[in-house]
Amino acid sequence: MDEKKLTRKAFWAMVQRDLLVQWRDKWEFVFRVAMLPFILILVYGYMLPTVGILPADFPTHMFCGMIGMSMLITGIHGTAVPVSMDFHNLREIEDRLLAPVSSRTVAYVKMFVGILESFIGGLIVLPISLIFMGSKISIQMDASMIPVLIPVLILVLILTAMASAALGLLVGTIIKPSQVAAMFPGFLMPVVFLGAIFYTWHQMAPLPVMQGIILIDPLTWINEAIRAVMTPQITSLPLSLTMIGIIVWIVVMGIIALKRFDRMVYNK
């Protein structure tokens, strides 16, 4: 068997193994993925707009943000926690490195599983959003543009999943299993609430310093890209610019994460 076929076979075997583990804990996975979006949607997307505390168009702003947030957080968690556990507690990484493939293949497996989980996270939050906010969401796509916009939206979601896996691999090489509990309040909460979920980048114009800060958050670029496609009536950053921004984040985070992964593998 040549090297490429051997690498592909090992890659898919490791992917299947990780997916099997996730399937055994599928209800814990669904609960973890759905709980935060459910609470945010229930309170900010349904209750507060219904009683008039928030504007009637707030759920439209929030809808795209919920998709982006769910995909990013799910992908980060799905990549970071297994990587951290494999290196520190389970030491399963040692068994995987015995396979006759490069160590990078193991890293790519972790990222690929994170990408799949990211898409599942988006699919889980979509019906929750539609149930509680469906009547309040305004998606004003030009019917003639739908055949063009759907492939663009799919591309944006693929880039979102890749960004989540790249960031997850990076986080997984930084945190230890004992620090996972602190990851949400210390890392994910700032990413979520500074990621333009409830507002657009342009709406932060009265606060120019914050407008600059939220650009450091990859979730901002993701949510602005999804808004540009799904809710064009809302002023957002240009789609081409946001997609370039997401790609830059993927490349930068991916390169750093893979270098850190290699150092951990070879104890450098």
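Count residues from 1 along the sequence.
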Surrounding OH of Tyr46 (heavy atoms of other residues, nucleotides or ligands, distance under 6.0 Å), is the total greater than 12? no
Could you list all the salt bridge (charged side-chain N to carboxylate O under 4.0 Å, His left out) pairs where at least one residue sits in residues 215-225, not counting sequence neighbours? Glu224-Arg227
What closest approach, in Å, do Pro59 and Gly45 show between heavy atoms, and which atom pair accounts for it? CG-O, 3.4 Å
Arg260 pairs by side chain to side chain contact (heavy atoms under 4.5 Å, CB included) with which of Val265, Ile174, Ile255? Ile174
Do Phe29 and Ile124 have side-chain heavy atoms sitting under 4.5 Å apart? yes
Could you tell me how the ring of Phe58 sits relative to the ring of Phe198: parallel (under 30°), tilted (30 to 60°) or perpendicular (over 60°)? parallel
Same apolar cluster: Ile214 and Ile234, side chain cutoff 4.5 Å: no
Sequence neighbours left out, what pairs pass salt bridge (charged side-chain N to carboxylate O under 4.0 Å, His left out) with at least one residue falling in residues 30-53? Glu28-Arg32
Contact between Met162 and Ile158 at the side-chain level, heavy atoms closer than 4.5 Å - yes or no? yes
Minimum heavy-atom distance Trp221-Gly245, with the two atoms named: CE3-CA, 3.9 Å
Ser118 side chain vs Met71 backbone, donor-acceptor pair below 3.5 Å: yes
So, Ser84 side chain and Ala80 main chain: donor-acceptor pair closer than 3.5 Å or not? no
Go through Ile120 and Val33 one step at a time and tell me if the side chain to side chain contact (heavy atoms under 4.5 Å, CB included) criterion holds. CA-CA 9 Å; Ile120 295 172; Val33 170; over 6 Å; no
Residue pairs involving residues 189-202 (criterion salt bridge (charged side-chain N to carboxylate O under 4.0 Å, His left out); sequence neighbours excluded): none
For the pair Thr220 (side chain) and Leu194 (backbone), establish whether a donor and an acceptor sit closer than 3.5 Å, ignoring hydrogens and angles. yes
Atom of Ile222, atom of Ile246 and distance for their closest heavy-atom approach: CA-CD1, 3.9 Å
Smallest heavy-atom separation, Thr173 atom then Met264 atom, equals O-SD, 3.4 Å
Considering all heavy atoms, the nearest Pro82-His77 contact: CD-O, 3.6 Å
Least distance between heavy atoms, Pro37 atom then Ser70 atom: CG-OG, 3.4 Å
